Amino acid sequence: MTQQHQSRLRLHDTATREVRDFVPLQEGRAGIYVCGLTVQSEPHVGHVRSAVNFDVLRRWLTASGYDVHFIRNVTDIDDKILAKAEEQGRPWYNLAYAMHAELTTALASINVLPPTYEPGATGTVPEMLELISTLIARGHAYVAEDGSGDVYFDVRSWPQYGELTRQGLDDMEPATDADPRGKRDPRDFALWKGYKKSEPESAAWPSPWGPGRPGWHIECSAMASKYLGPAFDIHGGGVDLRFPHHENEQAQSRAAGMPFASYWLHNAWITTAGEKMSKSLGNSLLVPSVLERVRGIELRFYMVSAHYRSHVEFSFEALEEAAVGFLRIENFLKRAEVIEAATELPTELPDAFVAAMDDDLGTPAAVAVIHDLVREGNTALAADTPAAAGIASQVRAMLAVLGLDPADPAWATTNGAGDEKLREAVDVLITALLEERATARAEKDWARADAIRDRIAAAGIEIEDTPSGPKWSI
RNA sequence: GGUGGGUUGGCCGAGAGGCGAGGCAACGGACUGCAAAUCCGUGUACACGGGUUCAAAUCCCGUACCCACCUCCA
């Protein structure tokens, strides 16, 4: 069955601009490289969308039987980090390190699996130097003649430049990420940035062309090939990275003789009030702030409910609505009592779900399948048929693929043992009250029965009368 | 100037030539002592103007508005 899955997945490839069959370079194995973040500030919900999207891709490939090698980098040295660190009066590496830690916490809180490896730019400098040397030797890069120590990629030497985004070289505006004086063509981009006296010495590494630091694009080419090889399956990132970042990555990697990525996947933005989040003021959209209003699993459900290539206009209203929708799914699982059951989840997933996921990760349709099964399960539950348990474990299996299984230990935030003790204590108290209510109901003393229910409700606990007696939940 | 994407019912959000994804909200019904939960039912939505077609939200032409990238950006 997993073999069948492998041949059926179709993905949207930015390079060809079409949804096409996913054919791995190596049978049963998938290598994925995703551009992570530049760790220069706290992550907001927009930042983590990309991580969630590619986490879903990774989980689906795994569920389909692939051995997935998933690399997500961290850019821990660049202009912005240096500028912000100076502004804040602390070492650049301290800022990068602290923000990296925040990112890790934020991603864990929405159940994004740790990648196979998370390389940092600063740890891959030797590989970058080697790559730059190759490019110089092949005539695709040159040392700036102004003595700055910069090394540039020569776009004119690579006729295919612009192929990923289908742009003509002469229609482009010139790159301005470095002083243009040392460039042969204004569109040439920096591979290596020569050390400047205004920058801290700790931000410079020795190189054949003098001390300096890596350009932004070369780091991804170096990290991707180091951990996945010169040719790998999927390269991902946000739409904004298509140009110049990904275009440059592909140009320099191929110019160095590497086939590079077979598929390019790009996720759309999540904006607020029509603006990118980086422009938004305040910190209400930082992941920890958002998680004060909804649980991590609900935030993730909200993101997964939209297709990864669809632009999402973030609002707390929509987020809370999604949370209500997810509650319906969770309630079904609770009523079917499969959440506690640590049983093995079925590997066989509903056909409609598989079809949805295989069609360029159609998570909205996949979520619709989950809702359909929840309704079916609720009906089975009402009829008290044994089918309910089977349906519930299927629902859980589908949720697990999306990283949304409520029983996943990853969601257990606080001390589990303490929670369990507290729950037992509350159960004793509520049960006592419910017994009293049962007596009142038996005597048809509705006023007293409702008064008890109201008191319990005032404590934030809901009572549900089921055929097998009342149940409580917070 | 160049390259892409978008505009779907009260709201969110899929789909991409014929059969009204799904959710939230609302209304009606069933169940209930009353609720809650659950189930059943109710909505003739696809920016605008033309065109192609037996058939268009989906294809073509035009118009309007919005957005992204071409500078750091998920």
Side-chain angles (χ1 to χ4, degrees), chain A residues 14 17 34-38 40-41 43-54 75 78-81 83 162 164-178 187 216 236-247 266-271 274-279 301-302 305-307 309-313 315 317-329 331-332 334-335 352 356 359 362-372 374-383 441 444-447 449-450 453-454 457 462-467 470-471 473:
Chain A
T14 305
R17 289 182 204 179
V34 174
C35 286
L37 285 180
T38 296
Q40 43 120 353
S41 60
H44 56 238
V45 292
H47 287 133
V48 298
R49 181 188 186 187
S50 181
V52 168
N53 290 153
F54 289 105
T75 296
D78 88 323
D79 295 354
K80 238 177 183 172
I81 291 172
L164 181 64
T165 50
R166 297 188 190 179
Q167 289 178 283
L169 199 50
D170 297 311
D171 293 327
M172 294 177 194
E173 291 176 10
T176 57
D177 65 334
R187 280 149 287 234
W216 179 36
V239 271
D240 53 305
L241 298 181
R242 282 178 307 192
F243 193 91
H245 189 52
H246 291 340
E247 185 73 67
H266 294 279
N267 66 278
W269 289 84
I270 172 161
T271 58
E275 277 196 335
K276 18 162 102 170
M277 291 198 173
S278 51
K279 285 182 184 167
F301 179 71
Y302 171 66
S305 297
H307 188 83
R309 283 192 288 123
S310 290
H311 168 114
V312 169
E313 177 64 30
S315 75
E317 291 71 29
L319 177 60
E320 272 151 20
E321 188 188 298
V324 171
F326 189 71
L327 218 50
R328 174 186 152 78
I329 298 169
N331 282 159
F332 162 64
K334 273 186 200 159
R335 300 205 308 145
D359 183 15
T363 54
V367 168
V369 174
I370 291 174
H371 275 119
D372 287 342
V374 166
R375 191 188 315 107
E376 209 179 295
N378 275 324
T379 304
L381 227 42
R441 289 181 78 200
K444 295 199 191 298
D445 185 351
W446 309 127
D450 289 352
R453 188 172 61 194
D454 289 348
E462 282 189 14
I463 298 304
E464 187 190 338
D465 291 323
T466 73
K471 286 186 178 174
S473 58

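Remember, predicted model here, so these are calculated numbers, not experimental data. The sequence lines fix the lettering, A, B, ..., with proteins before strands; numbering per chain opens at 1.
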In whole angstroms, how far is the [atom2] atom of [N] from the [atom1] atom of [X]?
X: A:Leu319; N: B:rG13; atom1: CG; atom2: P; answer: 12 Å
X: A:Asn331; N: B:rU38; atom1: CG; atom2: P; answer: 7 Å
X: A:Asp372; N: B:rC39; atom1: CG; atom2: P; answer: 11 Å
X: A:Arg328; N: B:rA37; atom1: CZ; atom2: C1'; answer: 10 Å
X: A:Arg309; N: B:rA14; atom1: CZ; atom2: C1'; answer: 13 Å
X: A:Leu327; N: B:rU38; atom1: CG; atom2: C1'; answer: 14 Å
X: A:Arg17; N: B:rG4; atom1: CZ; atom2: C1'; answer: 6 Å
X: A:His44; N: B:rA74; atom1: NE2; atom2: C1'; answer: 7 Å

Q.
Closest approach to the side chain of A:Asp240, judged atom by atom: which nucleotide of B:rG13, B:rC24, B:rC69 is it?
A. B:rC69
Q. Any idea which of B:rG13, B:rC24, B:rG2 is nearest the A:Glu321 side chain?
A. B:rC24
For [N] versus [M], give the span between their [atom1] atoms, rounded off to a whole number of Å.
N: B:rU44; M: B:rG10; atom1: P; result: 10 Å
N: B:rA25; M: B:rC34; atom1: C1'; result: 24 Å
N: B:rG49; M: B:rC40; atom1: P; result: 38 Å
N: B:rA45; M: B:rG23; atom1: C1'; result: 16 Å
N: B:rG13; M: B:rU53; atom1: C1'; result: 30 Å
N: B:rG15; M: B:rC72; atom1: C1'; result: 36 Å
N: B:rG17; M: B:rA37; atom1: C1'; result: 42 Å

Does [N] pair with anything, Watson-Crick or G-U wobble, both distances under 3.5 Å, and if so, with which nucleotide?
N: B:rA45; result: none
N: B:rU3; result: B:rA68
N: B:rC59; result: B:rG51

Q: Between A:Val374 and A:Ser305, just flag the one whose closest nucleotide in RNA chain B comes earlier from the 5' side.
A: A:Ser305
Below 3.5 Å, does any donor atom in the side chain of [X] face an acceptor in the base of [N], or the other way round?
X: A:Arg453; N: B:rA35; answer: yes
X: A:Asp450; N: B:rG33; answer: yes
X: A:Arg375; N: B:rC40; answer: no

(Q) Taking A:His266's backbone N and O only, do any of them form a donor-acceptor pair with A:Arg242's side chain (distance below 3.5 Å, no angle check)? (A) no
Q) Do the side chain of A:Arg187 and the main chain of A:Leu169 share a donor and acceptor less than 3.5 angstrom apart? A) yes
Q: Tell me what A:Arg242 touches on the nucleic acid: a base, only sugar-phosphate, or nothing, going by heavy atoms under 4.0 Å.
A: sugar-phosphate
Q. Which part of the nucleic acid does A:Thr38 contact within heavy-atom distance under 4.0 Å: base, sugar-phosphate only, or nothing?
A. sugar-phosphate
Q) If you take all heavy atoms of A:Leu37 and A:Pro43, which pair is closest and at what distance? A) CD1-CB, 4.5 Å
